[in-house]
There are 2 protein chains.
Amino acid sequence: MSPASTPKTDRSTEIASALRDAIVTGRLLVGDRLPSEAELAEQYGVSRPTVREALKRLAAQSLIRTQRGATGGAFVNHLSYEAAHGQQITTSTLLLSMNAIAFETACEARFAMERACAPLACARREAQHLTTMRDEIARQSDAALSDEDFCASDVAFHRALVDAAQNPVLSYQLAGAVEAMQPLMNMITFTARDRARIVALHGAVAEALEAQDARACEAGLTALERYTIDLAAAVMARRAAKATARPAT
Amino acid sequence: MSPASTPKTDRSTEIASALRDAIVTGRLLVGDRLPSEAELAEQYGVSRPTVREALKRLAAQSLIRTQRGATGGAFVNHLSYEAAHGQQITTSTLLLSMNAIAFETACEARFAMERACAPLACARREAQHLTTMRDEIARQSDAALSDEDFCASDVAFHRALVDAAQNPVLSYQLAGAVEAMQPLMNMITFTARDRARIVALHGAVAEALEAQDARACEAGLTALERYTIDLAAAVMARRAAKATARPAT
DNA sequence: GGCTGTTTAATTGTCAGACAATTGGCTGTC
DNA sequence: GACAGCCAATTGTCTGACAATTAAACAGCC
């Protein structure tokens with residue numbers, strides 16, 4: 001049953017799955033060295049290029065890293081938050097752009113998750129988080145700041161809020177969502193945004209966090225969400241009007 | 001500057017990055033066919049195996065799919081939620097197991113995100129969601145249900161709750177977190193859990209959802225979180241006691 | 001003996017050419 | 001016009017080879 005049960009998968013996929021399984025189930029531990037390509041080839045009864053394709057698949061998921069030289073080979077990676085982040089952001093970005101997700105839907109999800117951090121962040125925030133948030137607010141108040149830098153500062157502000165919850169799992173999930181949405185948000189609200197308004201809303205959130213008032217913090221985030229969605233709606237309406245007035249370009 | 005600026009990356013990584021960039025930035029659209037391997041090889045000045053390794057990397061991220069035959073080739077994938085899901089679960093699972101995340105931390109994150117869905121779920125839940133939840137509660141009340149099936153039903157229950165929020169982005173994020181945590185939860189609470197207690201808590205959550213009472217729904221989830229964490233702590237304490245009584249096994 | 005420079009072996013990275021397998025399209029026949 | 005068989009394009013795989021890299025083993029010198 002086993003040889004004929006996989007009629008459509010290629011060997012490199014099979015081998016990649018087998019190795020991935022060995023890693024996920026703990027048969028291969030972090031730092032372990034996989035057999036050399038030649039050994040794997042012999043073991044699975046395939047040629048080296050086929051094994052290499054399988055290894056590249058795993059490398060693409062940051063499950064292994066390879067090293068040349070005498071003591072080289074493929075090693076099981078310690079999957080860091082950073083590496084996982086990068087992938088999640090790429091995936092989320094594509095997911096948003098390819099599935100015609102309404103801005104409103106993405107925005108709603110993002111702020112819902114951020115509000116989930118609020119109670120924890122209020123309970124555990126430390127001086128450094130408050131400092132970061134205040135610093136970013138100060139940067140955002142600078143009229144000379146470029147649009148790109150304003151956006152980056154915006155991300156940093158929200159990141160500090162999430163980090164204040166001091167839960168790495170939550171930070172991982174949230175940062176992925178926030179950063180994946182950033183290009184989308186920029187595209188829509190880049191030119192139209194009222195910086196003073198945003199700075200005021202950020203200030204309210206920061207104050208609530210300092211006062212450890214979770215309810216106020218959530219309310220501040222909700223206000224920010226509403227403003228963002230309203231702004232997006234206005235921008236879209238304006239674009240639609242323009243498109244009607246001047247159909248083709 | 002360009003040829004010498006990448007001293008340590010191999011060609012297949014470079015090519016994979018270039019193609020990934022083309023997809024992410026929209027230069028290659030969903031359904032587009034990439035050049036054939038031979039054409040890509042010529043284009044980048046490398047051999048076919050090298051190109052193939054690059055393509056396998058992209059395939060591992062579900063960015064492309066390949067097809068044999070006359071009209072075959074590599075095509076830009078439509079990144080579905082399902083495909084993204086699978087990857088996220090694999091990544092999250094490894095992240096939890098490799099980073100020594102405390103059960104409490106993971107649990108806290110999971111329920112915080114789930115509570116974030118509560119207001120939306122209460123506002124938008126439909127008959128089908130309530131039906132699913134009630135059905136799963138009924139299954140969970142069956143004493144003959146195996147532990148595995150009980151766990152699966154537990155996941156289905158929470159999944160229905162999240163889906164009731166009717167926000168695909170939220171569902172995507174949450175389902176990943178919930179399913180990634182499941183093995184961890186099973187390992188800890190498998191034998192010790194008091195099914196009647198869990199069923200009662202699930203019932204409270206379902207009732208709150210039906211009544212569209214977001215506050216009560218969040219409270220129910222918080223109670224479930226507390227119970228889960230207490231249970232885990234008890235299990236860990238018992239294991240520690242056993243280990244002390246009988247140090248080596 | 002201890003340090004230094006060189007060799008060496010193991011391993012990955014890459015190449016070239018070839019053949020098998022698959023699949024859609026084309027052509028010829030009835 | 002319908003159908004069968006051939007054909008060409010493309011991916012999947014193999015073989016064998018060489019280049020690049022790295023650490024360890026080794027030889028030589030002080």
Side-chain angles (χ1 to χ4, degrees), chain A residues 2-20 22-23 28 31-78, chain B residues 2-20 22-23 28 31-78:
Chain A
S2 30
S5 64
T6 55
K8 306 235 157 178
T9 55
D10 31 334
R11 299 289 281 130
S12 76
T13 306
E14 281 177 40
I15 295 168
S17 297
L19 292 174
R20 177 164 32 239
I23 295 173
L28 286 169
D32 278 1
R33 204 202 116 177
L34 274 67
S36 72
E37 295 176 355
E39 285 171 326
L40 285 172
E42 195 184 4
Q43 196 172 317
Y44 287 99
V46 298
S47 66
R48 244 191 87 206
T50 304
V51 167
R52 282 181 63 77
E53 287 177 10
L55 293 179
K56 294 308 171 197
R57 292 184 125 105
L58 300 181
Q61 299 178 302
S62 308
L63 292 183
I64 61 170
R65 68 181 179 285
T66 55
Q67 199 177 346
R68 284 219 275 208
T71 58
F75 298 85
V76 178
N77 244 339
H78 174 82
Chain B
S2 30
S5 65
T6 55
K8 305 234 160 183
T9 54
D10 31 333
R11 298 289 282 132
S12 76
T13 306
E14 280 178 40
I15 295 168
S17 297
L19 291 175
R20 179 163 31 236
I23 294 173
L28 286 169
D32 278 1
R33 204 202 116 178
L34 275 66
S36 73
E37 296 175 354
E39 285 171 327
L40 285 172
E42 196 184 4
Q43 196 172 316
Y44 288 99
V46 297
S47 65
R48 245 191 87 205
T50 304
V51 166
R52 282 182 62 77
E53 287 177 11
L55 293 179
K56 295 307 172 198
R57 292 183 127 103
L58 300 181
Q61 299 178 302
S62 308
L63 292 183
I64 61 169
R65 68 181 178 285
T66 56
Q67 198 179 344
R68 286 219 274 206
T71 58
F75 298 85
V76 178
N77 245 339
H78 174 83

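Per chain, numbering begins at 1; letters A, B, ... match sequence-line order. Because the structure is predicted, anything quoted here is derived from the model rather than measured.
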- prompt: To the nearest 0.5 Å, how far apart are CZ in A:R20 and OG1 in A:T13?
  reply: 9.0 Å
Measure all distances between protein nitrogen or oxygen atoms and nitrogen or oxygen atoms of nucleotides 6-11 of chain C, and list the pairs falling under 3.5 Å.
from, atom 1, to, atom 2, distance (Å)
C:dT11, O4', A:G69, O, 3.3

- prompt: Taking only residues two or more places apart in sequence, or in another chain, which ones meet B:R11 in a salt bridge (charged side-chain N to carboxylate O under 4.0 Å, His left out)?
  reply: B:E14
message: Rounding to an integer number of Å, can you tell me how far B:K56 NZ sits from C:dG13 P?
response: 17 Å
Listing, residues 45-52 of chain A side-chain donor-acceptor contacts under 3.5 Å, not counting sequence neighbours, or none:
from, atom 1, to, atom 2, distance (Å)
A:S47, OG, A:T50, OG1, 3.4
A:R48, NE, A:E37, OE1, 2.9
A:R48, NH2, A:E37, OE1, 2.9
A:R52, NE, B:E53, OE2, 2.7
A:R52, NH1, A:E37, OE1, 3.4
A:R52, NH1, A:E37, OE2, 2.8
A:R52, NH2, B:E53, OE1, 3.3
A:R52, NH2, B:E53, OE2, 3.3

task: Search all heavy atoms of B:R57 against all heavy atoms of A:A60 and return the closest pair with its distance.
output: O-CB, 3.5 Å
message: Whole angstroms only, please: what is the CG-P distance between A:L40 and D:dC14?
response: 13 Å
query: So, for A:Y44 and A:A18, which heavy atoms are closest and what is the spacing to 0.1 Å?
result: OH-CB, 3.8 Å
message: Distance check needed: C:dT12 C1' versus B:R11 CZ, whole Å only.
response: 17 Å
message: I'd like to check the side-chain contact (heavy atoms from CB on, under 4.5 Å) partners of A:A38; sequence neighbours left out, ordered by chain and number.
response: A:S36
message: Can you give me the bend angle of the helix from C:dG1-D:dC30 to C:dC30-D:dG1? Use the axis through the first five pairs and the one through the last five, nearest 10 degrees.
response: 10°
Listed partners of B:Q43 passing side-chain contact (heavy atoms from CB on, under 4.5 Å), at least two apart: B:P35, B:L40
- request: Measure the distance from CZ on B:R65 to C1' on D:dT11 and round it to the nearest whole Å.
  value: 14 Å
task: Would you please confirm or rule out a distance under 4.0 Å between OP1 or OP2 of D:dT10 and any side-chain N or O of B:T66?
output: no
field: Non-hydrogen side-chain atoms of B:L19 and B:L63 separated by less than 4.5 Å
entry: no
query: Please, which pairs that meet side-chain hydrogen bond (donor to acceptor under 3.5 Å, both in side chains) have at least one residue in residues 64-76 of chain A, sequence neighbours excluded?
result: A:R65-A:N77
message: If you apply the rule side chain to side chain contact (heavy atoms under 4.5 Å, CB included), what do you find for B:Q61 with B:I23, and how did you get there?
response: CA-CA 12 Å; B:Q61 299 178 302; B:I23 294 173; over 6 Å; no
- prompt: In residues 41-55 of chain A, which ones come under 4.0 Å of DNA chain C, going by heavy atoms?
  reply: A:R48, A:R52
